[in-house]
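Small disclaimer: the values here were computed from a predicted structure and weren't measured.
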Amino acid sequence: MKLICIGRNYTAHIQELANERPEEPVVFIKPDSAILPKDQDFYIPEFSNEIHYEVEVLVKIKKVGKHIDQKFAHTYYDEIGLGIDFTARDLQAKLKEKGLPWEKAKGFDGAAVIGKWLSKDRFEDTNDLNFSLLKNNEVVQKGNTSLMLWKIDELISYVSTYFMLKKGDIIFTGTPSGVGKIVANDYLSGLLEGQEMFSVKIK
């Protein structure tokens with residue numbers, strides 16, 4: 001099982017970090033050891049002073065696929081979720097400056113929060129899903145999947161060109177604007193179409 005993450009998939013987030021708009025999806029991988037165990041607090045790692053939250057809609061792959069045609073991509077998942085891609089922004093900046101991979105800043109232990117899963121049949125259109133992140137009960141991120149540069153089916157098709165997708169793989173589809181720093185005692189919760197999908201305490 002692998003976690004496939006998409007970077008720079010919302011224009012406003014690209015702008016807030018002063019990044020260049022990509023011509024194709026930015027893809028990176030988190031190891032399965034990055035998954036924060038259910039009901040466990042997130043502990044800020046000692047190697048970073050600037051851990052940022054990034055809320056993202058998640059898709060769970062349900063069968064093996066390679067070189068998937070976009071028109072068939074919808075048959076490769078039937079569950080939608082919400083999670084957090086925790087990022088050591090200070091470490092990431094140093095790595096980017098040197099042209100090095102991001103894995104240390106993105107794939108450390110606990111860096112992937114995965115909430116509960118809902119059947120995609122509950123939603124009229126997966127390309128029109130509202131989601132948000134609350135920090136200490138205040139909304140800090142709001143997004144809608146209609147604002148993605150590359151929609152879910154496009155991402156599945158694109159990723160499967162490079163990586164064979166397997167049952168249980170999870171795609172993090174990118175974060176909207178509003179990312180920010182966490183500190184000890186913060187409390188984060190994520191909503192998808194008004195339903196709470198996860199909550200996590202910061203230590």
Visitor: Okay, side chain of Gln92, backbone of Trp102: is any donor-acceptor separation there less than 3.5 Å?
Guide: no
Visitor: Show your reasoning for whether side-chain contact (heavy atoms from CB on, under 4.5 Å) applies to Ile156 and Ile171.
Guide: CA-CA 8 Å; Ile156 289 173; Ile171 299 177; 3.8 Å; yes
Visitor: List the atom pairs, donor and acceptor, that lie under 3.5 Å between side-chain atoms in residues 28-37 and the rest of the protein, sequence neighbours left out.
Guide:
unit_1: Lys30; atom_1: NZ; unit_2: Asp85; atom_2: OD1; d: 2.7
unit_1: Lys30; atom_1: NZ; unit_2: Phe86; atom_2: O; d: 3.4
unit_1: Lys30; atom_1: NZ; unit_2: Lys106; atom_2: O; d: 2.3
unit_1: Lys30; atom_1: NZ; unit_2: Ala111; atom_2: O; d: 3.1

Visitor: Sequence neighbours left out, what passes side-chain contact (heavy atoms from CB on, under 4.5 Å) with Lys94? Give chain and number order.
Guide: none
Visitor: As an exercise, state the distance from CD1 of Ile182 to CG of Asn136, rounded to the nearest 0.5 Å.
Guide: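 Ile182 CD1 to Asn136 CG: 11.0 Å, rounded to 0.5 Å.
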Visitor: Does Ser189 have any side-chain hydrogen bond (donor to acceptor under 3.5 Å, both in side chains) partners at least two apart in sequence or in another chain, and if so, which?
Guide: none
Visitor: Spell out, yes or no, whether Val113 and Leu3 are grouped together once hydrophobic residues are joined by side-chain heavy atoms under 4.5 Å, including indirect joins.
Guide: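 No, it is not one cluster - the side chains of Val113 and Leu3 are not joined through contacts under 4.5 Å.
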Visitor: Under a 4.5 Å cut-off applied to non-hydrogen side-chain atoms, are Val140 and Val179 in contact?
Guide: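 No, too far: nothing below the 4.5 Å cut-off.
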Visitor: Would you please name every residue forming a side-chain contact (heavy atoms from CB on, under 4.5 Å) with Leu191, sequence neighbours left out?
Guide: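 In terms of side-chain contact (heavy atoms from CB on, under 4.5 Å), with neighbours along the sequence ignored, Leu191 is linked to Ser132, Leu134, Glu196.
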Visitor: Are any side-chain N or O atoms of Thr175 and backbone N or O atoms of Glu56, one a donor and one an acceptor, separated by less than 3.5 Å?
Guide: no
Visitor: Should the heavy atoms of other residues, nucleotides or ligands under 6.0 Å from CG of Asn49 be counted, would the total exceed 12?
Guide: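 Not buried by this count: 12 neighbours or fewer within 6.0 Å.
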Visitor: Please say yes or no: joined through hydrophobic side-chain contacts below 4.5 Å, possibly via intermediate residues, are Ile6 and Ile152 part of one cluster?
Guide: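 Linked within one cluster.
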Visitor: A side-chain contact here means heavy atoms from C-beta on lying under 4.5 Å apart; do Trp117 and Val59 qualify?
Guide: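 No, every pair of side-chain atoms sits at 4.5 Å or beyond.
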Visitor: Tell me every residue that passes side-chain contact (heavy atoms from CB on, under 4.5 Å) with Thr161, counting only those two or more places apart in sequence or in another chain.
Guide: His67
Visitor: Working note: Ile80 + Leu129, criterion side-chain contact (heavy atoms from CB on, under 4.5 Å); need CA distance, chi angles, decisive distance, verdict.
Guide: CA-CA 10 Å; Ile80 298 286; Leu129 298 176; 4.0 Å; yes
Visitor: Do Asp41 and Ile202 have side chains that get closer than 4.5 Å, going by heavy atoms?
Guide: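 They are not in contact (no side-chain heavy atoms under 4.5 Å apart), so the answer is no.
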Visitor: Would you mind reporting whether Leu95 and Lys104 have side-chain heavy atoms less than 4.5 Å apart?
Guide: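 The answer is yes, as the side chains (C-beta and beyond) meet within the 4.5 Å cut-off.
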Visitor: Could you check Leu155 against Thr173 for side-chain contact (heavy atoms from CB on, under 4.5 Å), going step by step and ending with a plain yes or no?
Guide: CA-CA 8 Å; Leu155 293 175; Thr173 61; 4.0 Å; yes
Visitor: Roughly how far apart are Ile68 CD1 and Asp153 CG, rounded to 0.5 Å?
Guide: 10.0 Å
Visitor: Atom CG of Leu147 and atom OG of Ser177: how far apart are they, to the nearest 0.5 Å?
Guide: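 The distance works out to 9.0 Å.
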Visitor: Within 45° of the six-membered ring axis of Tyr77 and under 6.0 Å from that ring's centre, is NZ or CZ of Lys120 located there?
Guide: yes
Visitor: Could you list the residues that satisfy ring pair (Phe, Tyr, Trp, His ring centres under 6.0 Å) with Phe47, not counting sequence neighbours?
Guide: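 Applying ring pair (Phe, Tyr, Trp, His ring centres under 6.0 Å) to Phe47 gives Phe108.
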Visitor: When you measure from the side chain of Ser160 to the backbone of Leu165, do you find a donor-acceptor pair of N or O atoms at a distance under 3.5 Å?
Guide: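 Not a single qualifying donor-acceptor pair exists.
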Visitor: Would you mind checking if Glu54 and Arg89 are paired as a salt bridge, meaning a charged N to carboxylate O distance below 4.0 Å?
Guide: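 Yes.
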Visitor: Please lay out, stage by stage, how Gln141 and Tyr53 fare under the test side-chain contact (heavy atoms from CB on, under 4.5 Å).
Guide: CA-CA 9 Å; Gln141 284 189 278; Tyr53 53 77; 3.3 Å; yes
Visitor: Within the side chain of Asn9, is there an N or O that forms a donor-acceptor pair under 3.5 Å with the backbone of Trp150?
Guide: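 Between the backbone of Trp150 and the side chain of Asn9 there is a qualifying donor-acceptor contact (under 3.5 Å).
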Visitor: Using a 4.5 Å cut-off on heavy atoms from C-beta on, say whether the side chain of Phe131 contacts that of Pro176.
Guide: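 Yes, side chains in contact.
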Visitor: Output yes when a side-chain donor or acceptor of Ser48 lies under 3.5 Å from a complementary backbone atom of Pro45, and no otherwise.
Guide: no
Visitor: Grab the two heavy atoms, one from Val64 and one from Tyr76, that are nearest each other, plus how far apart they are.
Guide: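 Answer, listing the atom of Val64 first, then Tyr76: O-CE2, 3.3 Å.
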Visitor: Salt bridge (charged side-chain N to carboxylate O under 4.0 Å, His left out): which pairs involve residues 131-149, sequence neighbours left out?
Guide: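 For residues 131-149: none.
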Visitor: With sequence neighbours left out, what residues match Glu50 under side-chain hydrogen bond (donor to acceptor under 3.5 Å, both in side chains)?
Guide: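 If we apply the side-chain hydrogen bond (donor to acceptor under 3.5 Å, both in side chains) test to Glu50, skipping adjacent residues, the hits are His52.
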Visitor: Can you run down the salt bridge (charged side-chain N to carboxylate O under 4.0 Å, His left out) pairs that involve residues 57-78, sequence neighbours left out, and say none if there aren't any?
Guide: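 Checked against salt bridge (charged side-chain N to carboxylate O under 4.0 Å, His left out) - neighbours excluded - the pairs reaching residues 57-78 are Lys60-Glu79, Lys62-Asp78.
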Visitor: Identify the heavy atoms of Lys116 and Gln195 that sit nearest to each other, and give their distance.
Guide: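 Nearest heavy atoms, Lys116 then Gln195: NZ-NE2, 3.2 Å.
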Visitor: Minimum heavy-atom separation for Leu192 and Leu82, please, with both atom names.
Guide: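 Scanning both residues completely, I find the closest heavy atoms to be N-CD2, 4.2 Å.
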Visitor: Establish whether Met164 and Ile61 are linked, either directly or via other cluster members, by ILVMFWY side-chain heavy-atom contacts under 4.5 Å.
Guide: no
Visitor: Working to the nearest 0.5 angstrom, can you tell me the gap between Tyr43 OH and Asp109 CG?
Guide: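 Output value for this atom pair is 14.0 Å.
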Visitor: Show me the pairs that pass salt bridge (charged side-chain N to carboxylate O under 4.0 Å, His left out) and involve residues 166-194, at least two apart or across chains.
Guide: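 Those involving residues 166-194 are Lys2-Asp169.
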Visitor: State, yes or no, whether a side-chain contact exists between Ile4 and Ile170 at a heavy-atom distance under 4.5 Å.
Guide: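 SC-SC contact between Ile4 and Ile170 ruled out.
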Visitor: Sequence neighbours left out, what passes side-chain contact (heavy atoms from CB on, under 4.5 Å) with Asp125? Give chain and number order.
Guide: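 By the side-chain contact (heavy atoms from CB on, under 4.5 Å) rule, Asp125 matches Asn127, Asp128.
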Visitor: By the ring pair (Phe, Tyr, Trp, His ring centres under 6.0 Å) test, which pairs, at least two apart or in different chains, include something from residues 162-203?
Guide: Tyr158-Tyr162
Visitor: So if you build clusters from Ile, Leu, Val, Met, Phe, Trp, Tyr with side-chain heavy-atom gaps below 4.5 Å, do Leu58 and Phe42 land together?
Guide: no
Visitor: Are any side-chain N or O atoms of Lys38 and backbone N or O atoms of Ile114, one a donor and one an acceptor, separated by less than 3.5 Å?
Guide: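 Yes; judged by distance alone, with no hydrogens or angles, the pair exists.
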